Amino acid sequence: MYTAIKEEAYECNMQLPKLGLVLFTFGNVSVADREKGVFAIKPSGIPYEELTPDKMVIVDFEGNIVEGNLRPSSDTKTHAVLYKHWEGIGGITHTHSTYGTAWAQSQRDIPIFGTTHADHLTVDIPCAPPMSDEMIVGNYEYETGFQIMNHFEAQELDYKEVEMVLVGNHAPFAWGKTGIKSVYNSAVLETVAQMAYLTEQINPKAPRLKDALIKKHYDRKHGTDAYYGQE
């Protein structure tokens with residue numbers, strides 16, 4: 001019944017070590033089946049080399065285990081909250097990738113310095129502020145989902161346009177219409193985070209990308225530029 005999303009979740013999770021986005025078991029990918037109201041997610045604490053599709057755990061959008069003998073990722077409730085409230089999401093990736101996590105620990109948005117960033121976003125990669133003490137002592141992983149959504153609402157960001165976020169003092173999350181798109185966005189976030197870090201090392205006063213270039217790349221992204229797709 002859940003074979004397809006188990007296999008997709010497995011393949012997506014196996015991309016994380018290949019792309020250098022995880023160390024040991026520091027990350028997870030989930031893939032949703034909207035019609036069935038469930039998602040498949042990596043089990044907690046299982047090394048990537050020991051994963052198989054059958055070890056993926058099936059969970060509903062309330063965070064309840066539907067199928068599986070292993071304990072799902074400790075971040076499962078965060079995934080469940082995002083799936084429940086953001087209906088356009090089909091996959092979520094969470095990593096503790098080095099540069100993205102460093103920016104999250106610094107509690108800073110990643111500035112849009114160049115066209116690589118602008119090819120994917122027209123705004124800084126947002127960093128949600130650390131959650132309140134009350135949220136921390138409560139259901140922490142569950143509250144992390146609201147920490148992300150509350151920041152998007154406060155900043156008037158659209159999760160369908162901005163498919164990535166840093167969680168302050170924690171690490172990156174990325175999402176997309178599919179599991180593999182969420183992995184792609186996670187890799188983009190890490191690359192842009194590294195580029196931004198190096199940019200500030202070379203020139204601490206580096207300016208943000210010009211609005212005209214941001215617009216140019218936005219137009220290309222949406223196919224409104226006459227030269228879109230020529231590269």
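Being a predicted model, the structure only gives us computed values, none of them experimental.
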Measuring from T116:OG1 to L121:CG, what's the distance to the nearest 0.5 Å? 12.0 Å

Ion pair present between E87 and K160, side-chain N to carboxylate O less than 4.0 angstrom? no

Is the positively charged end of K42 above the ring of Y10, judged by distance under 6.0 angstrom from the centroid and angle within 45° of the axis? no

Mind checking whether H217 and H120 have ring centres under 6.0 Å apart? no

Answer yes or no: is there a side-chain heavy-atom contact under 4.5 Å between Y197 and S106? no

Could you state the interatomic distance from OG1 (T178) to CD1 (I89), rounded to the nearest 0.5 Å? 12.0 Å

Identify whether the distance between the nearest side-chain nitrogen and carboxylate oxygen of R108 and E200 falls below 4.0 Å. yes

Aromatic ring centroids of W86 and F173 under 6.0 Å? no

Within 6.0 angstrom of F146 CZ, more than 12 heavy atoms from elsewhere: yes

Are any of the side-chain nitrogens in E163 or K177 under 4.0 Å away from the carboxylate oxygens of its partner? no

Flag if over 12 foreign heavy atoms under 6.0 Å of OH, Y159: yes

Determine whether more than 12 heavy atoms belonging to other residues, nucleotides or ligands lie under 6.0 Å from atom CZ of R34. yes

Would you give the length of the straight line joining atom CD1 of I148 to atom NE2 of H85, rounded to the nearest 0.5 angstrom? 12.0 Å

Can you tell me how the ring of Y83 sits relative to the ring of F39, calling it parallel under 30°, perpendicular over 60° and tilted otherwise? tilted

Applying side chain to side chain contact (heavy atoms under 4.5 Å, CB included) between M56 and each of V31, T3, N13, L70, report the one that passes. N13

Q147 side-chain N/O to P129 backbone N/O, donor-acceptor pair under 3.5 Å: yes

So do the side chains of T93 and L16 get within less than 4.5 Å of each other, counting heavy atoms only? yes

Between the OG1 atom in T144 and the CE atom in M135, the distance rounded to the nearest 0.5 Å is 7.0 Å

So, D124 and R208, do they make that salt bridge, N to O below 4.0 Å? yes

D219/K215 ion pair, N-O < 4.0 Å: yes

